[in-house]
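The sequence lines fix the lettering, A, B, ..., with proteins before strands; numbering per chain opens at 1.
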Amino acid sequence: MAQPLISVRDLTFSYAGEDRQEGVEGDAPAVLKGISLDVEKGSFVCILGRNGSGKSTLAKLLNMILTPTSGKIFIKGKDVTDPAMTEDDMFEVRRSIGMVFQNPDNQLVATIVEEDVAFGPENLGVPPEEIRKRVDGALAAVGMTEYARHSPHQLSGGQKQRVAIAGIIAMLPDCIIFDESTAMLDPQGRREVMNTIQALNREKGITVLHITHNMDEATLADRVLVIDGGELVLDGTPRQVFSSVRRLRTVGLDVPQVTELFSLLREEGFDLPGDVLSEEEGADLLSRYLKENEKSQ
Amino acid sequence: MLKDITLGQYFPGNSFLHRQDPRMKIIASILYIVAVFLCKNLFSFLFITLFTVALVLLSRIPMKVILKGVKPLLFILIFTTVYNVFFYQGEHLLADLKIVKIYFEGVMFALLMAVRIVCLLVGSSVILTYTTSPIMLTDGLERLLSPLRKIHVPVHEFAMMMTIALRFIPTLIEETDKIMNAQKARGSDLSSGGLIRRAKALIPILIPLFVSAFRRANDLAVAMECRCYRGGNGRTRMTQLRLHAIDWTMLFTVLLCGGAVVIINLYSPGFSV
Ligand SMILES: Nc1ncnc2c1ncn2[C@@H]1O[C@H](COP(=O)(O)OP(=O)(O)O)[C@@H](O)[C@H]1O
Ligand SMILES: [Mg+2]
């Protein structure tokens, strides 16, 4: 089997020392309590979990913004918790595991779109002609070429978020982590960004870790991870995970409305599958079920 | 509302001056200011005025914009002119108004000072601020000052700070607008009462603004780290500034202008300041 892109073993973490936010009282509780998981190259993984469950913390550990309290993280087979890691190794991990955040306003640095996209490659010391190529390529990949000379504050939320994505693509990452990157957008912006993410995953083979509260987005993934209280509680395909409606409820999550409807019907004794994800699929199943019942009566 | 505030005075265009290298423009504007201060008599002032008018024409910036730029100076201009006309002591008396005496030299001096102030403002803004985008200006400054890095002046950091400030000013203005509206909706009154009451009414606007600015700063710092930011060392730039022969013409023209001013000063007669 191929080596996983990201491999996490018994990862624990608590905010202490300089990482600790000022004004947080008491001693530092463990935010992550022994997480182990593998992410295959090219996969599209969604991470679900209620607020404060440790999703962002996990993301920041993966690209070395934070350092684990204990446990190991391997990126492309390399142990990044090894004390022998040099600063250059660290920047190589950050290049390889890009991150897009929630607030589109707070991650753009420059006053011109293309200058902002160039920011990452510039930091990496890429030669100017090569940066130019990468910037043009990245803007084309997110469909923002015509806005190259605009200033970020003239753009909509979805457009800003696509610029932020372009800024990461220009660093040629293996994986992009989206930390609730669709949460602040309107439905239109959400659609734009989700389409961009899916295209990157399918066409460029970029591994995607998508943190979200939106269940419909989660149904698009190959795999869904559910984190609660710093522990990995569910891991499987969207179908498998969403069929555990009760389990999801206890960790404070909703399931897509269709899935909930079918699981309620099952509980009432109807002979229907409990893992329906899309509305079309649900409508089909229901109409077929009703027709069959008519015949048998 | 607040959003209407235009930032900087950059006036986009594609004139000869717009296309000049920002580093040359920064040096040229300094030289220009020196040249204006070198002017001593009527003829050299006449010369610098013509030169400035030529710059304005070259920049293709509408006269309206230029005049609007001078307007804030009107008060100072009138005040210094009146002051100089009435209180300058000279030899050739023009009028004796009992309380004050007006001399020919006073009138000349007032006139030349007014010309100097207007030239300084119009010329330097046409060479620099009107025709250079803020980002080019920061880039130019960073590269011009980069030799100072050797003596540990944090040139890159200052340029980065300027860039981020320019990036976030519109965002923060928008935010201020939102907070003001939110506080107004809760019945806070910003536009009446005395100075102290109004200052007090500002507190519920400033505090949320600061809190949010700090959160933004924190988010941005993490985002920059994720994009491998590590200061100016080893960093390359996408847009390279290269000096072409044409970029030197600007500098030489301003230098020649300064030289001409000195020569005119020496060889022309009349009142000199
Ligand atoms: N800088 C910090 N200092 C102290 N505690 C923190 C800090 N950041 C997050 N936490 C705590 O860690 C827990 C997990 O936070 P986070 O990873 O942001 O959760 P999520 O992204 O899933 O909402 C929360 O209880 C939060 O209060
Ligand atoms: Mg979070």
Per-residue contact mode, [X] against chain B (heavy atom under 4.5 angstrom):
X: A:Pro121; answer: backbone
X: A:Asn103; answer: side chain
X: A:Phe101; answer: side chain
X: A:Val135; answer: side chain
X: A:Glu129; answer: neither
X: A:Asp105; answer: both
X: A:Ile168; answer: side chain

Item to check | Electrostatic pair B:Arg237-A:Glu115, nearest N-O below 4.0 angstrom | outcome: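 Salt bridge present between B:Arg237 and A:Glu115.
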Checklist entry - Does the pair A:Arg95/A:Glu92 count as a salt bridge with the N-to-O cut at 4.0 Å? => result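 Salt bridge: yes.
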Answer yes if the side chains of [X] and [Y] hold a donor-acceptor pair under 3.5 Å, and no otherwise.
X: A:His153; Y: B:Glu174; result: no
X: A:Gln107; Y: A:Gln102; result: no
X: B:Lys25; Y: B:Thr132; result: yes
X: B:Thr52; Y: B:Tyr32; result: yes

Checklist entry - Is the A:His150 ring parallel, tilted or perpendicular to the A:Tyr147 ring (thresholds 30°, 60°)? => result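 Correct class here is perpendicular.
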Item to check | Side chain, backbone, both or neither of B:Glu225 within contact of chain A (heavy atoms, under 4.5 Å) | outcome: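 Looking at B:Glu225, backbone and side chain both touch chain A.
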Item to check | Greatest number of heavy atom pairs closer than 4.5 Å to chain A - which of B:Thr138, B:Leu220, B:Thr163 | outcome: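 So the answer, after comparing B:Thr138, B:Leu220, B:Thr163, is B:Leu220.
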Item to check | Test item: A:Arg94 side-chain N/O and B:Cys226 main-chain N/O as donor-acceptor pair under 3.5 Å | outcome: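 Not a single qualifying donor-acceptor pair exists.
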Checklist entry - Which residue out of A:Leu108, A:Ile112, A:Asn123 racks up the most heavy-atom pairs below 4.5 Å with chain B? => result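 The option with the most such pairs is A:Asn123.
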Next on the checklist: For the interface with chain B, which of A:Gly167, A:Gly120, A:Gly125 has the highest count of heavy-atom pairs at distances below 4.5 Å?
Outcome noted: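 Most pairs with chain B among the choices: A:Gly125.
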